[in-house]
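Some notes on the structure that comes next.
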2 protein chains.
Amino acid sequence: MSKLNPLLHQELRLSIVSFLAGVETADFKKLMEVTQATKGNLSVQISKLQKAEYITIAKSFKGSYPHTNCALTPKGEKDFEIYLKELKELLNI
Amino acid sequence: MSKLNPLLHQELRLSIVSFLAGVETADFKKLMEVTQATKGNLSVQISKLQKAEYITIAKSFKGSYPHTNCALTPKGEKDFEIYLKELKELLNI
DNA sequence: GTAAACTAGTTTACATTATAAACCAAATTG
DNA sequence: CAATTTGGTTTATAATGTAAACTAGTTTAC
């Protein structure tokens, strides 16, 4: 019984990481779109992922508006894979 | 983005349901053994699963000691399958 | 040129949830 | 008969999740 990584075993964060694992980079707007989360929730959860060094958050300006770009780090990728492996074991899939 | 069933998307409850899906019946002791959870936590979580009609909890006596037996209901089984399907979609697996 | 509405987020207050410690009742053991 | 064990439940606290409220600036319309 290896405990599932609690940072990843949460729907919104899992959605974010899973999506980033496929595309390697996505902005705030895109993440809102694919996850259907509220701005507040998304903001909080990407911060947690960043604190854990699972993603990088790059802030810049696109025209005059702020723009936030997220990408998975190698650490995030690795721990996501471990999570997947352990989840599959738990669920026998 | 179909939201993952929050009752099932919790490690201990998921472990319980996943295990019961394989065996169809297990007692408290067995569930403690396979999940490695504390008694208190296990007690709380099986109660929640029972309230949701995902499992049945049958109390009896085995010799002189109380004995609690759990089994998945058809509803639990069905929602577990739906959860699995949606989880796989989310994770592309 | 200024009020209203929009973009792009962050902060924070509240509600929900999870968890283990404390508890309980009965049985066993020494 | 006191201490320990079995088989749990209750509950207090901590941790977490979430959306509403807020910030800061931009664009549009009058």
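Chain letters run A, B, ... following the sequence lines, proteins first and then strands; every chain starts at 1.
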Taking only the side-chain nitrogens and oxygens of [X], find out if one of them lies under 4.0 Å from OP1 or OP2 of [N].
X	N	result
A:Arg13	D:dT16	no
B:Gln10	C:dT17	no
A:Lys48	D:dG17	yes
B:Thr38	C:dA20	yes

Pairwise 5' ranking along DNA chain D for A:Leu12 and A:Tyr65, keeping only the more 5' one: A:Leu12
- prompt: Given that A:Gly40 and B:Ile57 both sit by DNA chain D, which one's nearest nucleotide is further toward the 5' end?
  reply: B:Ile57
Whole-Å distance between [N] [atom2] and [X] [atom1]?
X	N	atom1	atom2	result
B:Leu42	D:dT6	CG	C1'	15 Å
B:Lys30	D:dT6	NZ	C1'	18 Å
B:Ile16	C:dT19	CD1	C1'	13 Å
B:His67	D:dT9	NE2	C1'	17 Å
B:Phe61	C:dT28	CZ	P	11 Å
A:Lys62	C:dG9	NZ	P	10 Å
A:Glu11	D:dA19	CD	P	11 Å
B:Lys39	C:dA21	NZ	P	12 Å

Measure from the side-chain heavy atoms of [X] and tell me the nearest of [options].
X	options	value
B:Lys59	D:dT18, D:dG8, D:dG17	D:dG8
B:Val44	D:dT9, D:dT18, D:dT10	D:dT10
A:Thr68	D:dG8, C:dT19, C:dG9	C:dG9
A:Pro66	C:dA20, C:dA8, D:dG8	C:dA8
B:Gln45	D:dA19, C:dA18, C:dA27	C:dA18

- request: Select base, sugar-phosphate, or nothing to describe what A:Ser64 touches, counting heavy atoms under 4.0 Å on all strands.
  value: sugar-phosphate
D:dC30 pairs with, by Watson-Crick or G-U criteria that keep both distances under 3.5 Å: C:dG1
message: Under a plain distance cut-off of 3.5 Å, with no hydrogens placed, do A:Asn69 and A:Thr25 share a side-chain donor-acceptor pair?
response: yes
field: 4.5 Å side-chain heavy-atom contact, B:Leu8 and B:Tyr54
entry: yes
statement: Tightest non-hydrogen contact, residues A:Phe28 and A:Leu42, listed as O-CD2, 3.6 Å
statement: In terms of heavy-atom contacts, B:Met32 and B:Thr38 come closest through CE-C, 4.2 Å
message: Using a strict threshold of under 4.0 Å (side-chain N to carboxylate O), is an ion pair present between A:Glu33 and A:Lys30?
response: yes
query: Quick one: CG on B:Leu87 to OG on A:Ser18, what's the gap to the nearest 0.5 Å?
result: 9.0 Å
